[in-house]
Protein chains: 2
Amino acid sequence: MHSGPKHTGRTGRPPRLSQETIIFAAQDLLAAEGTRGLSMRRLARELDSTPMALYHHVRDKDDLLLLLLEEHARTIPRPALPEDPRDRMITAGQLLHDVLAGCPWIVEVLASDDLMAKSALWIVEAIVDSAVECGLSPEGAVDAYRAIWYYTAGELLIRVSRERRTAEASRPSHRDQTFATLSPDAYPRLSSLAGQWPELTRRDTHRQSLEALVDGLLARV
Amino acid sequence: MHSGPKHTGRTGRPPRLSQETIIFAAQDLLAAEGTRGLSMRRLARELDSTPMALYHHVRDKDDLLLLLLEEHARTIPRPALPEDPRDRMITAGQLLHDVLAGCPWIVEVLASDDLMAKSALWIVEAIVDSAVECGLSPEGAVDAYRAIWYYTAGELLIRVSRERRTAEASRPSHRDQTFATLSPDAYPRLSSLAGQWPELTRRDTHRQSLEALVDGLLARV
DNA sequence: ACCTGAACACCGTTCAAGT
DNA sequence: ACCTGAACACCGTTCAAGT
């Protein structure tokens with residue numbers, strides 16, 4: 001609303017584009033079509049502009065992704081965490097997961113850049129802090145955080161690609177074919193589970209595994 | 001060496017290309033330049049051929065990746081596993097990791113397709129089987145396998161991108177900048193660790209975390 | 001059967017120019 | 001300051017044609 005241009009330009013029409021409008025358009029594109037839908041050219045088209053106009057407001061595509069990351073991190077709620085350090089560790093880990101599950105494109109960015117949005121670092125702080133309070137050394141607490149982050153990132157990345165794949169639903173799934181032709185002698189467990197495999201792997205078991213991981217990590221003090 | 005063409009062609013010169021030569025060239029490309037180096041056009045250029053010639057031996061790029069996956073899986077050794085089911089579970093999990101760590105491009109393929117090469121399924125069988133022997137239900141064993149797989153995939157994916165990033169080493173790492181400007185009041189743990197963060201996160205802690213995860217999963221019987 | 005060339009519909013980004 | 005157009009160096013893939 002306070003859309004007065006910041007420059008004291010004595011000439012010319014007001015800018016048509018801004019970081020803000022670009023970010024909003026990019027969010028729409030991501031929500032509608034996922035990471036694959038977001039390209040500089042496509043974004044420009046959506047804004048009735050040219051690819052190069054964007055580069056006036058954003059350094060490059062990576063910079064745009066960073067801005068999107070910060071924007072999302074700003075919107076996440078910040079609930080009170082449990083007192084008990086083990087519970088706090090699990091709750092924070094769950095939060096890390098939930099915050100990202102809502103927009104999984106972010107995980108691809110996070111994984112591909114190893115960067116954390118500053119506005120989400122309080123979750124990392126909470127995990128490391130509760131781990132220390134549980135008796136881990138500072139180094140051990142960082143290791144524990146990393147294990148949780150790897151597990152979370154893997155879960156989200158694989159879930160995203162599974163959903164993308166089943167959405168496209170092109171061929172009869174290489175995996176199902178593989179399972180169908182499994183020799184019961186060589187693979188007794190897998191072939192006896194072959195029929196249930198799809199539904200078994202689709203279940204949401206994140207919470208239980210997170211608890212198991214945390215308990216396992218804390219058992220080593 | 002047994003390079004006789006399979007067709008009984010009564011005409012024409014022998015085929016210049018074959019799945020075999022294509023796969024070898026693709027492996028070289030991947031080894032030399034990673035996933036980003038592998039494109040159909042680039043591969044054709046490397047083979048002194050045209051992009052379209054490849055499509056005669058391979059359905060599309062995904063098919064080529066699948067062939068590469070199978071080829072790699074065939075080469076992995078198959079060591080004897082420990083008798084003790086917990087040890088076997090950990091050893092198999094470690095194996096899953098090690099087999100993939102050697103060619104991390106594979107993880108990107110695996111994650112993006114949720115497919116397992118048939119020749120590597122014995123590792124999955126070993127994990128699920130040992131989990132059942134440890135007292136988990138078949139469903140619980142699958143859940144345990146998935147937790148291990150998510151953790152492993154996350155670790156590898158993030159490691160690959162970290163290595164790629166530090167190799168390119170363009171800017172002074174957004175993450176380091178973020179850590180440097182952390183307020184000690186709001187982030188006491190993280191800011192006290194800020195200086196050590198790079199080396200702490202570079203350490204290989206896979207084995208310990210895997211053991212923690214397995215023990216945590218087995219503790220829930 | 002095996003390969004080529006031209007084409008289609010895309011990418012991210014640079015550079016020189018317009019207002 | 002802000003935007004445009006043309007260009008560069010790429011993608012995966014289809015289609016029609018050559019031998």
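Chain letters run A, B, ... following the sequence lines, proteins first, then strands; residues in each count from 1. Hydrogens, waters and symmetry mates are skipped; everything else that's a heavy atom, side chains included, is used.
Comparing atom distances between the A/Arg45 side chain and each of C/dC11, C/dT4, D/dC3 picks out C/dC11 as nearest. When the nucleotides C/dG12, C/dC15, D/dT13 are ranked by their closest atom to the side chain of A/Tyr55, C/dG12 comes out on top. Residue B/Pro51 has its side chain nearest to D/dT13 when only D/dT4, D/dT13, C/dT13 are considered. Closest to the side chain of B/Arg42, from the set D/dC3, C/dT14, D/dC11, is D/dC11. Taking every side-chain heavy atom of A/Ala53 into account, D/dC3 is the closest of D/dC3, D/dT13, C/dG5.
In this structure, B/Asp48 atom CG and C/dC3 atom P are separated by 13 Å, rounded to whole Å. To the nearest angstrom, P of C/dA17 lies 16 Å from NE2 of A/His56. Atom-to-atom, CZ of B/Arg41 to C1' of C/dT4 comes out at 13 Å; the value is rounded to the nearest Å. Atom CE in B/Met52 sits about 14 Å away from atom C1' in C/dA1, given to the nearest Å. To the nearest angstrom, P of C/dC3 lies 13 Å from CG of B/Leu43. The distance between atom CD1 of B/Ile22 and atom C1' of C/dC2, rounded to the nearest whole Å, is 11 Å. To the nearest angstrom, C1' of C/dC2 lies 14 Å from CD of B/Gln19. Look at CG on B/Leu54: it is 14 Å from P on C/dG5, rounded to the nearest Å.
When base pairs are accepted only as Watson-Crick or G-U wobble with both N-N or N-O distances under 3.5 Å, DNA chain D takes part in stems of 3 or more pairs at C:4-8 with D:12-16, C:12-16 with D:4-8.
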Show the numbers, then the answer: is there a side chain to side chain contact (heavy atoms under 4.5 Å, CB included) between A/Asp143 and B/Arg203? CA-CA 9 Å; A/Asp143 294 345; B/Arg203 283 156 64 223; 3.2 Å; yes

Go through the steps to decide whether A/Leu65 and A/Leu69 satisfy the test side chain to side chain contact (heavy atoms under 4.5 Å, CB included), and finish with yes or no. CA-CA 6 Å; A/Leu65 290 172; A/Leu69 195 59; over 6 Å; no

Could you walk me through whether A/Met89 and A/Ile148 satisfy the side chain to side chain contact (heavy atoms under 4.5 Å, CB included) test, starting with their C-alpha distance in whole Å, then the side-chain angles of each, then the deciding distance to 0.1 Å, before giving a yes or no? CA-CA 10 Å; A/Met89 197 165 161; A/Ile148 292 172; 4.0 Å; yes

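Comparing D/dA9 with C/dA9, their P atoms sit 23 Å apart, to the nearest whole Å.
Note that the CZ atom of B/Arg42 and the CD atom of B/Glu33 stand 4.0 Å from one another [nearest 0.5 Å].
Between A/Tyr145 and B/Trp197, the ring planes lie tilted relative to each other; the angle falls in the 30° to 60° range. A tilted orientation is assigned to the rings of B/Tyr151 and A/Tyr150, their planes being inclined by 30° to 60°.
Contact check, B/Ser39 against D/dG12: a side-chain N or O comes under 4.0 Å of OP1 or OP2. Using a 4.0 Å cut-off, some side-chain N or O of B/His57 falls inside it from OP1 or OP2 of C/dC3. Residue A/Ser49 places at least one side-chain N or O closer than 4.0 Å to OP1 or OP2 of D/dT4. Checking the phosphate oxygens (OP1, OP2) of D/dC10, no side-chain nitrogen or oxygen of B/Arg36 falls inside 4.0 Å.
Side-chain contact between B/Val124 and A/Arg189: absent, with no pair of heavy atoms (C-beta onward) separated by less than 4.5 Å. In this structure the side chain of B/Leu68 reaches within 4.5 angstrom of the side chain of B/Leu38, judged on heavy atoms.
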